[in-house]
Amino acid sequence: MTRPAVLVARAVFGDIVDRLRVHFDVEDNPEDRIFSKAELAAKLAGKAGAFITGSERIDAEVLDANPQLRAVCNMAVGYNNIDVDACNARGVLATNTPDVLTETTADFGFALMMAAARRLAESEHFLRRGEWTKWSYDMFIGSDVHGATLGILGMGRIGQAIARRGALGFGMKVVYHNRSRLAPELEAPLGARYVGKEQLMREADHLVIVVPYSAASHHAVGSAEMALMKPSATLTNVARGGVVDDAALAAALRERRIAAAALDVFEGEPKVHPDLLTVPNVVLTPHIASATVATRRAMAGLAVDNLIAALTGGTPPTPINPQVLAR
Ligand code: GLV
């Protein structure tokens with residue numbers, strides 16, 4: 001019996017990829033080339049499934065070129081790189097990696113927020129440039145995190161984990177906006193208050209954005225929203241590029257309409273808007289919020305579990321479109 005073939009589209013932990021070799025003929029990409037759309041479609045020829053990351057876009061064109069494809073398993077919780085409607089229409093299962101990265105991503109979101117509030121990167125650059133010649137009372141003064149108002153846009157698993165850190169660890173007041181309000185038993189231990197988006201912008205001392213990217217959340221935080229924020233406020237984005245209007249943010253930072261920002265995700269990454277590179281009051285990291293050994297291994301492992309189950313008649317643990325399985 002011929003074994004199904006799968007593509008592992010990016011370099012990933014060898015021992016985890018080896019688990020796929022037990023079941024499938026594996027074409028991998030150890031040199032970690034980023035495939036163009038045409039290359040990805042060509043690499044998928046004859047494959048029943050694919051292990052992908054957020055860098056690989058699965059759309060109707062790629063799927064139509066590969067009608068044999070049955071499962072695409074993303075090593076990421078966000079899945080805006082997958083056209084789920086196109087997958088549904090063609091009976092292709094899509095999976096993601098929720099839960100395993102929640103706490104790690106929340107740690108990093110909190111770290112970025114603290115870095116922005118306390119001007120960590122800006123002051124470190126100053127020191128490295130050799131500009132530190134004396135102590136002064138107002139050198140890199142920022143704003144407190146403890147006791148401040150933490151505003152969360154997108155109160156899903158990661159948003160709630162950041163809120164826990166703020167409320168329970170730092171005595172922060174938590175306000176949030178989300179598509180739907182949390183159940184009272186989730187709000188109560190955090191003292192979290194549900195507010196409209198405009199009020200969130202007005203009240204937050206530190207705004208953390210954790211909302212998934214979609215057409216509906218495109219530029220959810222743009223110049224109109226930033227205009228409502230306090231001049232002392234910070235903005236942190238660990239969600240997706242495109243949720244924040246990066247050009248508008250750079251302008252707001254340059255003109256000190258808000259105090260500081262921290263970004264792990266960017267519109268059009270790995271390119272970064274050139275204006276962000278020249279404003280001092282922003283911390284920039286290359287999409288690493290989930291990047292710990294344990295968490296990246298757990299994400300890769302979950303994507304592999306999904307792929308194996310999808311193609312061997314098992315139950316994939318974290319399907320995005322489980323209705324496809326019922327067919
Ligand atoms: C990372 O950005 C993810 O969605 O897992």
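Atoms within a ligand are numbered from 1 in the order they appear, just like the ligands themselves. Computed from heavy atoms alone, side chains included, the values below leave out hydrogens, waters and symmetry copies.
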- Message: For the 3.5 Å polar cut-off, considering only N or O atoms, please tell me whether R240 and ligand 1 meet it.
- Response: yes
- Query: Taking E225 for the side chain and G222 for the main chain, is one N or O donor matched with an acceptor at less than 3.5 Å?
  - Reply: yes
- Query: Got the closest protein heavy atom to atom 5 (O) of ligand 1, with its distance?
  - Reply: V77 N, 2.7 Å
- Message: My understanding is that only one of T97, T318, T315 makes a side chain to side chain donor-acceptor pair (under 3.5 Å) with N306; could you say which?
- Response: T318
- List, by chain and then residue number, the residues other than V324 in its hydrophobic cluster (Ile/Leu/Val/Met/Phe/Trp/Tyr, side-chain heavy atoms under 4.5 Å); write none if there are no others. L93, L325
- Message: Closer than 4.0 angstrom, basic N to acidic O: yes or no for R297 and D15?
- Response: yes
- Query: Taking 4.0 angstrom as the limit, do K43 and E39 come out as a salt bridge?
  - Reply: no
- Item | Region of L101 that comes within reach of ligand 1 [heavy atoms, distance under 4.0 Å] | side chain
- Tell me, which protein residue and heavy-atom name are nearest atom 1 (C) of ligand 1, and how many Å apart are they? H287 NE2, 3.4 Å
- Message: Looking only at distances, can you tell me whether any N or O atom of G78, backbone or side chain, sits closer than 3.5 Å to an N or O atom of ligand 1?
- Response: yes
